[in-house]
Participant: 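Let me begin by handing over the structure; questions about it come next.
FYI, the numbering just counts along the sequence from 1.
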Amino acid sequence: MTIQSAPGHQTPAARPRSRRTELLEQRPVNLDGFVEEWPEVGMVAMDSPYDPKGGIRLENGTVVEMDGKAREDFDFLDRFIADHAIDAAAAVRAMALSPTEIAHLLVDPKVSRQEVLSVSCGLTPARLLEVVRTMNVVEMMMALQKMRARRTPANQAHSTSARDNPVQVAADAAEAGLRGFRELETTLGVVRYAPLVAIALQVGAQSGRPGVLTQCALEEATELELGMRGITGYAETISVYGTEQVFCDGDDTPWSKAFLASAYASRGIKMRFTSGTGSEVQMGNAEGKSMLYLEIRCILVAKGAGVQGLQNGSISCIGVPGAVPAGIRAVLAENLIASTVDLECASGNDQSFSHSDMRRTARLMPQLLPGTDFICSGFSAVPNYDNMFAGSNLDPEDFDDWNVIQRDLQVDGALRHVPEAEILAARDRAARALQGVFAYLGLAPISDKEIEAVTYAHGSKELPPRDVLEDLKSAQSVMDRGITGLDIVKGLDASGFPDVAEALLGVLRQRVSGDLLHTSAILTPELTTLSAVNDANDYAGPGTGYRPSGARWEEMKRLRHVVSARNPEQEVDR
């Protein structure tokens, strides 16, 4: 049948849609955004025709040509990378290897991590890109298993509140620490709340499980001051970018970022930079290069600045690579490259990017299966409506799924199941410890009604409102009076929480020892430092490296509903 649409033209009649197509159209994945590649504006994951070819030329130990560009044509990123991120003594030998040969070094378990590092330190941005282009996702995962810095994987969570409620932040931090997170990060809706929320995060974290490191993500001056006072223990939201114009838009240069990094390090504060594929496209200055090439420049800026590590994995830009072909492959590639140049890698899996549960999981698995230093750089420890980092790929409703996946695959994602009674006790204790600290410091009071509510609440919608004006006055007084981490320790001890006080004091002592400045440093609940120095990754093929066993494997076997093999009607007490 045809329909006459115009003289001389015939069009086919509209066909009914199949029921299967209708059902597919209703699948959550079809709510996601997808876009075709557009290399001229950088809308391509890792294979742009405009990316440079790898190459290097040195004169008297100085890089005078890199990736097809002469030194006189370098922008300030090129110059910084050439002078501070590339080992000139290793460059000629390393660059003489083909991309495929270097990829084989990465994948081959018989080649040690140290051998790979002796090559990677001499590679240019374009050559690193050429290497990962030769590798599929499985090969990258095999390489990442060997190249992560710390032997034992860890995890980081967000603990924030849509109402900037410090009592909620403390309780959620305690639960997150108890569940296994070794770093906790917060940020604010109203920046002036920062001192109260940062104190709450610190108190709550140590109430759950000692040794958890905390940070408060703010503008850099306040963030540094809170760190210097010992109210926070690390920092990571110091952003670097892959093109000169985007750097300039942020009123920064690689040298100013390096100077800021030294300010943190000189005070014993653990610190890493943040970057991610797609940021330059979002900001309109990708210079026609692929997202991954520009991200590799960020990685080498971090290396050249001397920071311990990098939070990458696209982070807040994940929607951009997630929309183009091979974008999630590029995200894994950036994690691998960060580890390959000997940086601690907090590998993303934070900001939400998909409506599809299957796709969310697929984005996670390339980091969870091989393990990274921090598998998530922001597993939301609060419901996503409370997540002030724009929502996470994972939130508390995913805790049980995560624990089951660990158990199914015998892969350590650094979390554990905790019985409800222990969680309720930790939440109550954290809130009461914060109540005592606030009273000791003369800050806005915390009522018993708030403590009761926060012990059982899922999120801020279930909590009584606080007096915002009094909270803001208290927050300002923290800054005006010069309150420090030691004042919080005194408040905890005076309020009847000597063990929490001792835990926080132990974290502060690490600032003096400097052990937290080692690459990939975390603290165990016994306040022992694990890092790339004393817990170096020793993977060398089957039967080697970190594998969950012993007490940790027994812990991972525990889930919410496990029945007795001998009596299926009875649940095992977990």
Participant: For a side chain to side chain contact (heavy atoms under 4.5 Å, CB included) with Q406, tell me which candidate from L559, V411, D412 qualifies.
Facilitator: D412
Participant: Think R148 forms a cation-pi with F374, using NZ or CZ under 6.0 Å from the six-ring centre and within 45 degrees of its axis?
Facilitator: no
Participant: For R547, look at atom CZ and say whether over 12 heavy atoms of other residues, nucleotides or ligands are found less than 6.0 Å away.
Facilitator: yes
Participant: With no hydrogens and no angle check, just 3.5 Å: does a side-chain donor-acceptor pair link D350 and N393?
Facilitator: no
Participant: Do Q351 and S392 have side-chain N/O donor and acceptor atoms under 3.5 Å apart?
Facilitator: no
Participant: Within a strict 4.5 Å, meaning less than it, do heavy atoms of the F34 and E36 side chains meet?
Facilitator: no
Participant: Can a salt bridge be assigned to the pair R163 and D386 using a cut-off of 4.0 Å between side-chain N and carboxylate O?
Facilitator: no
Participant: Is the shortest side-chain N to carboxylate O distance from E183 to R272 below 4.0 Å?
Facilitator: yes
Participant: Set out, in order, the CA-CA distance, both residues' side-chain angles and the distance that settles salt bridge (charged side-chain N to carboxylate O under 4.0 Å, His left out) for D471 and R466, then state yes or no.
Facilitator: CA-CA 8 Å; D471 273 349; R466 286 182 56 79; 2.7 Å; yes
Participant: I'd like to know if R560 pairs up with E420 as an ion pair, taking the criterion as any Lys NZ or Arg NE/NH1/NH2 lying under 4.0 Å from an Asp or Glu carboxylate oxygen.
Facilitator: no
Participant: Are the side chains of L343 and Q308 in touch, meaning some heavy atoms are under 4.5 Å apart?
Facilitator: no
Participant: Looking only at side-chain N and O atoms, does Q215 offer a donor or acceptor that is under 3.5 Å from a partner on T232?
Facilitator: no
Participant: Are D32 and F353 close enough that some pair of their side-chain heavy atoms sits under 4.5 Å apart?
Facilitator: no
Participant: Could you list the residues that satisfy ring pair (Phe, Tyr, Trp, His ring centres under 6.0 Å) with F389, not counting sequence neighbours?
Facilitator: H158
Participant: Look only at the side chain of S290 and the backbone of V44, and say whether a donor-acceptor pair between them is shorter than 3.5 Å.
Facilitator: no
Participant: Give a yes or no on whether a salt bridge exists between E452 and K449, defined as a side-chain N under 4.0 angstrom from a carboxylate O.
Facilitator: no
Participant: Would you tell me whether Q367 and R363 have side-chain atoms, one donor and one acceptor, within less than 3.5 Å of each other?
Facilitator: yes
Participant: Are the charged groups of D172 and R427 less than 4.0 angstrom apart, N to O?
Facilitator: yes
Participant: Can you confirm if the NZ or CZ of R151 lies within 45° of the ring axis of Y539 and under 6.0 Å from the centre of its six-membered ring?
Facilitator: no
Participant: Would you indicate whether the side-chain heavy atoms of E397 and N384 approach each other to under 4.5 Å?
Facilitator: no
Participant: For the residue pair D448 and Q435, establish whether any side-chain heavy-atom pair is separated by less than 4.5 Å.
Facilitator: yes
Participant: Kindly say whether L178 contributes a backbone atom to a donor-acceptor pair with the side chain of R416 at under 3.5 angstrom?
Facilitator: yes
Participant: What residues form a ring pair (Phe, Tyr, Trp, His ring centres under 6.0 Å) with F379, not counting sequence neighbours?
Facilitator: F181, F399, W402
Participant: So does L218 get a backbone contact from the side chain of E223, meaning a donor-acceptor N/O pair under 3.5 Å?
Facilitator: yes
Participant: Are K270 and E344 ion-paired here, with the side-chain N under 4.0 Å from a carboxylate O?
Facilitator: yes
Participant: With rounding to the nearest 0.5 angstrom, report the OG1 to CG distance, T187 to N387.
Facilitator: 9.5 Å
Participant: Would you say R429 and D499 make side-chain contact, with heavy atoms under 4.5 Å?
Facilitator: yes
Participant: Spell out, as yes or no, whether a donor-acceptor pair under 3.5 Å connects the side chain of D398 to the backbone of D395.
Facilitator: yes
Participant: Quick one: does N537's side chain have a donor or acceptor within less than 3.5 Å of a partner on Q145's backbone?
Facilitator: yes
Participant: Check whether Y385 forms a cation-pi arrangement with K461 (NZ or CZ under 6.0 Å from the six-membered ring centre, at most 45° off the ring normal).
Facilitator: yes
Participant: Is a side-chain N or O of S474 found less than 3.5 angstrom from the main chain of A444, in a donor-acceptor match?
Facilitator: yes
Participant: Hey, are D535 and T152 close enough side-chain-wise for a donor-acceptor pair under 3.5 Å?
Facilitator: yes
Participant: When you measure from the side chain of Q206 to the backbone N and O of G211, does any donor-acceptor pair fall under 3.5 Å?
Facilitator: yes
Participant: Between S531 and A521, is there a donor-acceptor pair closer than 3.5 Å when you use the side chain of the first and the backbone of the second?
Facilitator: no
Participant: Is there side-chain contact between Q202 and I231, with heavy atoms separated by less than 4.5 Å?
Facilitator: no
Participant: Looking just at side-chain N and O atoms, do Q570 and S564 make a donor-acceptor pair shorter than 3.5 Å?
Facilitator: no
Participant: Got R179 and I423 here, is their nearest side-chain heavy-atom distance under 4.5 Å?
Facilitator: yes
